[in-house]
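Remember, predicted model here, so these are calculated numbers, not experimental data. Numbering of residues begins at 1 and proceeds along the displayed sequence.
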Amino acid sequence: MIFDFFKNSGDKHDAYKSIAKNAKEYGELYLQLFKLNAVGTLSQFVSYLIVIIVGAMLLVTVLIFLAIIMVLWLKNVTGSLIYSLLIMSGIFLLLFLILLLFRKKLMLNPIIRKMSSILFNKERETLHDTDFEDISGHDISTTSSQDPIVDPLFHKEDVHD
């Protein structure tokens, strides 16, 4: 049984070699898994940054065109290009101040939340990527919160003490 490993001294050497070989293979596989997880996380992180940068560039382009349209319209309303440019500059200054005041709420917190979900909640994302159905055919991948008050599919035996 378990102690047969220690009975024969000749088998001990082979058993130790086998254990060392298995430990080495396990270490190599674990390192490969770590590298694959790092590459996956890094690729998600970089793709999210690229989407943010491209989105910001497109938003700036749209704002430039809207500003040009607004300046031309204000020129017709005020009769002066200088006044319309001053009004548009004031609008941009007001937008800048609003963004400066609410930068944490509007930009920083959502970006930090998304980055941390990419870096630390890998298991949760893979769980939500798959579709789960209970016996009745209802999709439970988005409704299961493991909260007995919120989740109607929560079962008391699922709780591990």
Side-chain angles (χ1 to χ4, degrees), residues 22-161:
N22 287 339
K24 182 180 177 184
E25 287 177 9
Y26 175 78
E28 289 172 357
L29 288 174
Y30 190 78
L31 182 63
Q32 287 178 353
L33 178 65
F34 177 76
K35 287 178 183 178
L36 286 173
N37 283 337
V39 167
T41 301
L42 186 63
S43 65
Q44 279 185 326
F45 185 78
V46 169
S47 68
Y48 185 70
L49 282 178
I50 289 172
V51 166
I52 287 175
I53 291 169
V54 169
M57 290 171 55
L58 289 173
L59 184 64
V60 167
T61 305
V62 168
L63 284 175
I64 289 171
F65 283 118
L66 288 175
I68 292 170
I69 291 169
M70 189 80 161
V71 165
L72 293 175
W73 180 74
L74 285 171
K75 179 186 171 202
N76 289 335
V77 171
T78 61
S80 172
L81 182 62
I82 293 175
Y83 288 142
S84 63
L85 288 171
L86 281 173
I87 292 170
M88 200 64 222
S89 297
I91 291 172
F92 275 122
L93 183 64
L94 184 65
L95 283 174
F96 174 73
L97 292 175
I98 290 171
L99 283 176
L100 190 65
L101 289 173
F102 297 109
R103 71 183 176 274
K104 285 184 182 177
K105 220 180 237 188
L106 294 175
M107 291 183 284
L108 194 60
N109 289 343
I111 290 172
I112 290 173
R113 200 173 301 122
K114 180 63 178 175
M115 294 298 176
S116 65
S117 74
I118 288 172
L119 294 174
F120 299 116
N121 292 334
K122 194 79 167 150
E123 296 85 24
R124 175 181 271 178
E125 289 177 9
T126 58
L127 185 64
H128 288 302
D129 288 344
T130 58
D131 292 327
F132 296 103
E133 291 185 1
D134 65 353
I135 297 172
S136 64
H138 294 86
D139 182 23
I140 62 173
S141 62
T142 57
T143 59
S144 181
S145 65
Q146 294 298 316
D147 187 1
I149 297 172
V150 177
D151 189 6
L153 301 173
F154 180 83
H155 302 288
K156 191 164 188 97
E157 57 269 6
D158 289 341
V159 177
H160 302 288
D161 293 4

Could you grab the distance from atom [atom1] of [X] to atom [atom2] of [Y], nearest 0.5 Å is fine?
X     : Y     : atom1 : atom2 : result
Gln44 : Leu42 : CD    : CG    : 10.0 Å
Ser84 : Asn76 : OG    : CG    : 9.0 Å
Ile64 : Leu59 : CD1   : CG    : 10.0 Å
Leu58 : Leu63 : CG    : CG    : 11.0 Å
Thr78 : Trp73 : OG1   : CH2   : 9.5 Å

Less than 3.5 Å apart, which donor and acceptor atoms pair up between the side chains of residues 86-109 and the rest of the protein, not counting sequence neighbours?
residue	atom	partner	partner atom	Å
Ser89	OG	Leu85	O	2.9
Arg103	NH1	Leu100	O	2.8
Asn109	ND2	Lys104	O	3.3

Legend entry - Any donor-acceptor N/O pair, Thr41 side chain to Ala38 backbone, under 3.5 Å: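 Such a contact is absent between Thr41 side chain and Ala38 backbone.
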
